[in-house]
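So the structure is just underneath, and the comments pick up after that.
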Amino acid sequence: QVQLVESGGGLVQPGGSLRLSCVASGEAFDYYALAWFRQAPGQEREAVACTSSVNGRTSYADSVRFRFTITRDDSRSTVYLQMTDLKPEDTAVYYCAAGWEVAASRCPLSHSDQSLHWGQGTQVTVFS
């Protein structure tokens, strides 16, 4: 079992940057695929980025590719999402998720996967 706590959300103007952090507690952090999702009001939760513990590969939604970067620090049990060139359409609650990996990468993770562990979310608002 792993518990996840996000931080780093806030208000930012278009073109600005934010870095989200997600700290995990529990066992075997380095055996989990880690991902960021987001959910805007009235919309489905969507996958943003994922990093695999198996092969280190990352995956991104097309809407954030080249603007967002996901990294993990297994020594600190933390996954980050560096967000640059933020746009109003990036406004959402951002959630961290973890999925146990055995031999193959599970990235990208799916929001409908019942086996995932979730954080409580952190609000990101991009306004002009």
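Since the structure is predicted, the reported quantities are computational estimates derived from the model, not experimental observations.
Applying the 6.0 Å contact sphere to CZ of F66 captures no more than 12 heavy atoms from other residues, nucleotides or ligands. In this structure, R57 places its CZ atom where only 12 or fewer heavy-atom neighbours from other residues, nucleotides or ligands lie under 6.0 Å away. Counting non-hydrogen atoms of neighbouring residues, nucleotides and ligands closer than 6.0 angstrom, the CD atom of E44 reaches no more than 12 such neighbours.
Contact record, D73 with F29: O-CE2, 4.1 Å, taken as the closest heavy-atom pair. Considering every non-hydrogen atom in both A92 and A40, the closest pair reads CB-N, 3.9 Å. Pairing each heavy atom of L18 with each of Q82, the nearest pair is O-NE2, 3.6 Å.
With contacts defined as side-chain heavy-atom distances shorter than 4.5 Å, the pair S53/Y32 does not qualify. Looking only at side-chain heavy atoms (C-beta outward), Y80 and L20 stay at 4.5 Å or farther from each other. Taking the side chain as every heavy atom from C-beta outward, H111 and E46 never approach each other to under 4.5 Å. Using a 4.5 Å heavy-atom cutoff, the side chains of Y60 and R67 are not in contact. The shortest distance between side-chain heavy atoms of V124 and T91 does not fall below 4.5 Å. Looking only at side-chain heavy atoms (C-beta outward), T51 and T71 stay at 4.5 Å or farther from each other. For the pair Y31 and V54, the minimum side-chain heavy-atom distance is 4.5 Å or more. In this structure the side chain of C96 reaches within 4.5 angstrom of the side chain of W36, judged on heavy atoms.
Remark: R106 fails to qualify as a cation-pi partner of W100 under the 6.0 Å distance and 45° angle criteria applied to the six-membered ring.
The SG atom of C22 sits 10.5 Å away from atom CG of L81, with the distance rounded to the nearest 0.5 Å. Separating the SG atom in C107 from the CD1 atom in I70 is a distance of 7.0 Å, to the nearest 0.5 Å.
Under 4.0 Å is where a charged nitrogen must lie from a carboxylate oxygen, and between D62 and R65 at least one such pair does. Taking the charged nitrogens against the carboxylate oxygens, D30 and R72 have no contact shorter than 4.0 Å, which rules out a salt bridge.
Of the possible donor and acceptor atoms, one in the side chain of T78 sits under 3.5 Å from a partner among the backbone N and O of R76. The backbone N or O of S110 lies less than 3.5 Å from no partner atom in the side chain of D113, so there is not a single donor-acceptor pair. For the pair Q1 (side chain) and G26 (backbone), a donor-acceptor distance under 3.5 Å is absent.
In summary, the side chains of S52 and E101 do present a donor paired with an acceptor at a separation below 3.5 Å, with no hydrogens or angles considered. T125 and Q123 form a side-chain donor-acceptor contact under 3.5 Å, judged by distance and modelled atom types alone.
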Item to complete: Take R38 and Y94 through the side-chain hydrogen bond (donor to acceptor under 3.5 Å, both in side chains) test and state the conclusion after the steps.
Response: CA-CA 4 Å; R38 66 185 181 187; Y94 283 71; 3.0 Å; yes
Practice prompt. Decide yes or no on side chain to side chain contact (heavy atoms under 4.5 Å, CB included) for V93 and T122, but give the supporting numbers first.
Written response: CA-CA 5 Å; V93 178; T122 185; over 6 Å; no
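Under a hydrophobic-cluster definition in which Ile, Leu, Val, Met, Phe, Trp and Tyr are linked whenever side-chain heavy atoms come within less than 4.5 Å, directly or via other members, V23 and M83 are assigned to different clusters. Hydrophobic clustering of Ile, Leu, Val, Met, Phe, Trp and Tyr side chains at less than 4.5 Å, counting indirect connections, keeps L109 apart from V64. Note: the hydrophobic cluster containing Y95 does not contain F68 (ILVMFWY, side chain heavy atoms under 4.5 Å, direct or indirect links).
Between F37 and W118, a ring centre-to-centre spacing shorter than 6.0 Å is recorded.
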